Structures are given as structure tokens and as C-alpha cells.
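Quick notes on the structure that follows.
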Amino acid sequence: MKHTYVILELIPTASSPEKGDIIQLSALKIRDLELIDRFDYRLREEYIPLTDLIRMISYDKDKFIYKETSREIMNEFIEWIEDYDLLILNNDYTLNYLKDVHNLKKDIGTYLHLPYSDDIIDIIIEKYNLEPSNYIVDLLYEALIYESNNKTD
């Protein structure tokens with residue numbers, strides 16, 4: 001982890017971009033385990049079809065930039081990430097939404113020594129004794145720091 005990379009969290013309305021939209025994309029640009037920039041975008045609420053999803057992302061409304069389409073969010077994201085590697089939760093929907101992003105995608109679970117599962121966030125919180133957070137991307141970052149600090153060579 002001695003270079004610049006991007007950790008991301010993507011929340012969609014459906015498992016594929018052909019059937020749904022990205023309602024939230026949060027990412028952290030990290031250099032040598034130091035946070036250098038943050039990307040927090042959401043789809044405007046009037047474009048989200050399910051009230052349960054709106055409730056799910058109703059926190060920290062003033063900390064996000066809002067767009068009218070997933071395409072706008074992805075265009076901003078692609079420009080923001082430059083050519084840096086992406087550390088992702090290796091699930092099908094994240095890969096589906098990132099299929100047009102040509103950056104190298106790596107499973108963050110490899111660095112945390114955890115295979116992907118539906119309850120991976122709960123497992124990470126327990127494994128690293130983290131406080132629950134609405135920002136999964138922040139939890140992933142904290143877990144990477146913990147792993148780096150406790151690595152034995």
C-alpha cells in the first residue's frame with residue numbers, strides 16, 4: 001500500500017446499470033495510507049424510485065454533491081480517479097457498474113484477508129473493533145490502516 005489508490009463504495013438501485021442507477025458513490029483517494037481527497041456524490045432524491053433507498057441515504061445531506069443521472073456521477077468519478085487502482089468490495093453489482101472504468105480493480109478483501117460475503121461490513125466492524133458508520137468507504141480505510149499497522153514482515 002505504498003502508492004496512490006482509490007477505495008470506493010457504490011450504492012445502486014439494481015444489480016446492473018441497465019436496470020438501475022447509482023444513488024451514491026463515495027470514494028477516498030489515498031497516498032501511502034494518507035487521505036488526500038474525498039468524492040461523495042448522490043443521485044438527486046427526485047430521481048430515486050424507492051422511498052426505502054431515499055431513507056437509507058438520508059444522512060449528511062449537506063456533505064454530498066447531487067447529480068441528475070448516474071452517468072453524470074460516473075463521468076465525474078472517472079475524471080476524479082485519474083489512472084489510480086481501485087480497491088473495491090468484490091461483488092457483482094460493483095463490477096457491473098464499473099465495467100466502463102478501465103482502471104485496475106483489486107479486491108480490498110485481499111488486503112484485509114477476508115473473502116467477500118453479504119455480511120462483510122459486519123465482519124470488518126467486528127474484526128477491527130470499529131464503530132459502525134454510514135460511510136462504508138471510511139470503514140474500509142480504517143481496516144486497511146489497521147492491517148498496515150499490524151503487518152508482520
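Remember, predicted model here, so these are calculated numbers, not experimental data.
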**Request:** Applying side-chain contact (heavy atoms from CB on, under 4.5 Å), run through Y84 and K29 and close with a yes or a no.
**Result:** CA-CA 9 Å; Y84 298 124; K29 197 176 284 182; 3.9 Å; yes

**Request:** Kindly determine whether N91 and I120 satisfy side-chain contact (heavy atoms from CB on, under 4.5 Å), including the steps that lead there.
**Result:** CA-CA 11 Å; N91 55 47; I120 192 165; over 6 Å; no

**Request:** Test side-chain contact (heavy atoms from CB on, under 4.5 Å) on M74 and D100 and set out the steps.
**Result:** CA-CA 9 Å; M74 284 306 296; D100 295 330; over 6 Å; no

**Request:** Apply the test side-chain contact (heavy atoms from CB on, under 4.5 Å) to residues Y66 and K61: give CA-CA distance (whole Å), side-chain angles for both, the deciding distance (0.1 Å), then the verdict.
**Result:** CA-CA 9 Å; Y66 292 85; K61 290 183 177 192; 3.6 Å; yes

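The environment of CD in E46 is crowded: more than 12 heavy-atom neighbours from other residues, nucleotides or ligands sit within 6.0 Å. Remark: E18 CD is packed, more than 12 non-hydrogen atoms of other residues, nucleotides or ligands lying under 6.0 Å away. With a 6.0 Å radius and a threshold of 12 heavy atoms from other residues, nucleotides or ligands, E82 has its CD atom above the threshold. Atom CG of D119 has more than 12 neighbouring heavy atoms from other residues, nucleotides or ligands inside a 6.0 Å radius.
Atoms CD1 and CZ, from I57 and R42 in turn, are 4.5 Å apart once rounded to the nearest 0.5 Å. Note that CG of L10 and CD1 of I23 are 9.5 Å apart. Values are rounded to the nearest 0.5 Å. Distance check: L8 CG to I108 CD1 gives 9.0 Å after rounding to the nearest 0.5 Å. Rounded to the nearest 0.5 angstrom, I11 CD1 and L43 CG are separated by 12.0 Å. From E9, atom CD reaches atom CD1 of I121 across 7.5 Å, with rounding to the nearest 0.5 Å. Note that OH of Y97 is 6.5 Å distant from CG of D21, once rounded to the nearest 0.5 Å.
Salt-bridge formation is detected for the pair D138/R38: a Lys NZ or Arg NE/NH1/NH2 atom is positioned less than 4.0 Å from an Asp or Glu carboxylate oxygen. For E147 and K127, the salt-bridge test passes: some basic side-chain N is under 4.0 Å from an acidic carboxylate O.
Note: Y141 and Y135 fail the aromatic proximity criterion, with ring centroids not under 6.0 Å apart.
I136 and Y146 fall within a single hydrophobic cluster, where Ile, Leu, Val, Met, Phe, Trp and Tyr side chains are chained together by heavy-atom contacts under 4.5 Å. Clustering ILVMFWY residues whenever any of their side-chain heavy atoms sit less than 4.5 angstrom apart, transitively, puts I22 in the very cluster that holds F77. Note on I145 and L35: same hydrophobic cluster, where clusters join Ile, Leu, Val, Met, Phe, Trp and Tyr whose side-chain heavy atoms are under 4.5 Å apart, directly or indirectly. No path of Ile, Leu, Val, Met, Phe, Trp and Tyr side chains, each step under 4.5 Å between heavy atoms, connects F39 with L139, placing them in separate hydrophobic clusters.
For the side chain to side chain contact (heavy atoms under 4.5 Å, CB included) test with N103, the passing option among I78, I81, D85 is I81; the others fail. With I7 as reference, L87 is the one residue of L87, I88, L89 to meet the side chain to side chain contact (heavy atoms under 4.5 Å, CB included) rule.
Among all heavy-atom pairs drawn from K99 and P17, the shortest one is NZ-CG, 4.1 Å.
A donor-acceptor pair under 3.5 Å is absent between the side-chain atoms of D92 and the main chain of S15, judged by distance alone.
Using a 4.5 Å cut-off on side-chain heavy atoms (C-beta onward), T51 and R55 make contact.
For the pair R71 and Y41, the NZ or CZ position fails the cation-pi test of under 6.0 Å to the six-membered ring centre and within 45 degrees of the ring normal.
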